[in-house]
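One structure below.
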Amino acid sequence: MSGFGVVMLVHDALHRAARVARHWSKNGCPVVIHVDRRVPGKAHSDFVKSFRDLDNIRFCKRHRCEWGTWSLVAASQSASTMMLDAFPDVRHVYLASGSCLPLRPVSELRDYLEDRPMTNFIESVTTEDVPWTVGGLDSERFTLRFPFSWKRQRYLFDRYVRLQRALRLKRRVPEGLVPHLGSQWWCLTRQTLSAILHDPDRRAYDAYFRRVWIPDESYYQTLVRLHSSNIESRSLTLSKFDFQGKPHIFYDDHLQLLRRSNCFVARKIWPHANRLYETFLSGDIDIMGTAEPEPGKIDRIFAKAVDRRTRGRAGLFMQSRFPNEGWENGKTCAPYSVFQGFSDLFEEFEDWLGRMVGARVHGELFAPDRVEFAGEQTAFSGALSNSPLLRDYNPRSFLTNLIWNTRGEHQCFQLSPRDNQKLNRFLSADSNAQISVISGAWAVPLFHSSQNFTEIRKEAARLQKIEAQFLDTLRSPHTKARVRIWSMADFVESPMEPLQTVIDEIGPRYSRRLTEAPRLVDLNGFGQFLQNLKNQGMHPHLMGDFPSGDAVQDTPRDRRKPYLIKK
Amino acid sequence: MVLPRGLNQVYDEWGGEKASGCLLHAKFLDTFGTKAAEELERRQHYAASHEYRAYNRRLKDNPDLWCKWSEKYINWRQLEILGLMSKGNWA
């Protein structure tokens, strides 16, 4: 009973490799082990001696192995040749490393392969279709020469690559070969493997691949295409790479994940992951029968991890994520609404808005001497303080924290030219911001104020200048926020339509017909007030055209009573 | 010993998250009020126990830092969801 044999490349953590080799062997799989020449003599001889009781384990000729070089192919060639010669009833050869761990009973893998006697399991993809070569070289792996070690002689490696590019030096790919790439962990049939090893042109192919970069990911992957048409282009060994192209290492806390994957073998396992080794080599692992491996489950989780590491969570600023400007992938984490001028023009606008949309409606969060959280609270979600000092120390973080802390709840707040203006640029560049401005409405509180007129005139000029600047920012081509601007005159003329628009935008969840209008403040005499400002030499232009007489006077009167709109 | 520069770069600047954890400050423990008073006695701290004096002043009358927005600690996953720490590349 053998069915398939395991070729194992071992270079460190020998005690783990020994455990796994023993497991294969005891379950009836012949094993040929290649031990890296760099393993010291004593360790090697102890390792070999530990298998004295097992008769289906062999050791092949040792090569000095280095990552990314021909030596790894040479090692697998020697071991595979020995496997085919020494164990004639082996029908599939499984290439594994010392840090591979079988996740399912050996008999299940044997049955799986027996059901597919002619199938070669080897990931083999043409270079154009490979998205996963992290760090650049894909088709050039086959056309340049790589005499220098990437790990030890990086400088020479890079310089030599650049030189060849500059001189347009290219090697010819041997006739008949179409370069393919793929995971170096394969499982081939006896026919295919011996055809590759006994190919009359093998010398030429070997000579060529000797100078290809990372030939262990392309030698068998390319040659298998010459000798078999029965190729399942996937590896039976689960192995994941992180965002830098290094193999992910599995630890004890991946136990459940590995169990659920239904994969036959996984790599790399951390040598000290005792629980993984205990569980999967104990012999009483779950029986999955003929279930297909489902690396998809694990792929999703690892893809998420890569995404978390490379893109992170939008709108989050913390000790291990502090993106440079422009690299935030979203300046804030969720949409929010900013209202300028509304609370000046409507009485109790915030209460009204709160009733209409069921979102959290704050007052002026950036008022000069206070932070008006909803309900006049002294702290808000995430224990965010209402200290204006802390807020002004870093207004941007104040806002991003507020939006982050209230995920799941839409935030609205009022803004005014009276407030801290430091965030204007940030707000307008944030695609999550929905900014609605009634321009010139800041004049209404001045109109109602009892200050002396010289003061009012001065303040009006100041506020108008600030708002004009804000509007310029909002109208700049860099704006990403959803911006709506009405002049006060237009808004007063017909407020319901714009209000409905704004409320619909807050979210379809809250979307319904407005049944109740907010109450407009008394604007009786506002036209005259503007005229007075003009008479004093100030030109209030942001509010649009208000007749200087009492023409507006009727409009607010009509609207003072709440009324219903029917569909 | 010379350590790789990367070890000092604890946060990601290009939008991603590196793995990070959080520390619990002792001021959140219920024993801290007594500790602050005791340290004022011992006077063994720099800047004339400047920090302990501040703790003592604020915690003496109001030792409870719990507020409406506080959350009960459940586990590290909760802290991760809250954005107080990150698994980074960990899957």
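Residue numbers start from 1 in every chain, and the chains themselves are labelled A, B, ... in the order their sequence lines are given, proteins ahead of strands.
Here B/Gly88 is the residue among B/Ser70, B/Gly88, B/Ala19 with the most heavy-atom pairs under 4.5 Å with chain A. Counting heavy-atom pairs closer than 4.5 Å to chain B, the top-ranked of the candidates A/Ser320, A/Ala303, A/Ala305 is A/Ser320. Between chain B and the residues A/Gly330, A/Ser381, A/Gly382, the largest count of heavy-atom pairs under 4.5 Å involves A/Ser381.
Atoms CZ and CH2, from A/Phe302 and B/Trp90 in turn, are 9.5 Å apart once rounded to the nearest 0.5 Å.
Crowding of A/Arg425 atom CZ: a count of heavy atoms from other residues, nucleotides or ligands under 6.0 Å not exceeding 12. Open room surrounds CZ on A/Arg311; 12 or fewer heavy atoms of other groups in view lie less than 6.0 Å from it. In the displayed structure, A/Glu325 atom CD is contacted under 6.0 Å by at most 12 heavy atoms of other residues, nucleotides or ligands. No more than 12 heavy atoms of other residues, nucleotides or ligands shown are found within 6.0 angstrom of NZ on A/Lys246. More than 12 heavy atoms of other residues, nucleotides or ligands shown are found within 6.0 angstrom of CD on B/Gln9.
Residues of residues 312-319 of chain A lying within less than 4.5 angstrom of chain B, judged on heavy atoms, are A/Gly312, A/Arg313, A/Leu316, A/Met318, A/Gln319 in numerical order. The interface of residues 72-86 of chain B with chain A, defined by heavy-atom distances below 4.5 Å, comprises B/Glu80, B/Ile81, B/Leu82, B/Gly83, B/Leu84, B/Met85, B/Ser86. When the heavy atoms of residues 249-257 of chain A are compared with those of chain B, the residues falling under 4.5 Å are A/Tyr251, A/Asp253, A/His254, listed by number. Heavy-atom neighbours of chain B within the stretch residues 384-406 of chain A, taken at a separation under 4.5 angstrom, comprise A/Trp404.
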Intermediate values then yes/no, side chain to side chain contact (heavy atoms under 4.5 Å, CB included), A/Arg309 and B/Lys18: CA-CA 6 Å; A/Arg309 177 65 187 83; B/Lys18 291 193 174 186; 3.4 Å; yes
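Considering all non-hydrogen atoms of both residues, B/Tyr11 and A/Arg321 come closest at CB-N, 4.0 Å. Closest non-hydrogen pair, B/Glu13 versus A/Trp327, comes out as O-CB, 3.9 Å.
Of the possible donor and acceptor atoms, none in the side chain of A/Arg308 sits under 3.5 Å from a partner among the backbone N and O of B/Gly16.
Heavy atoms closer than 4.5 Å to chain B are found in the side chain of A/Asn329, but not in its backbone.
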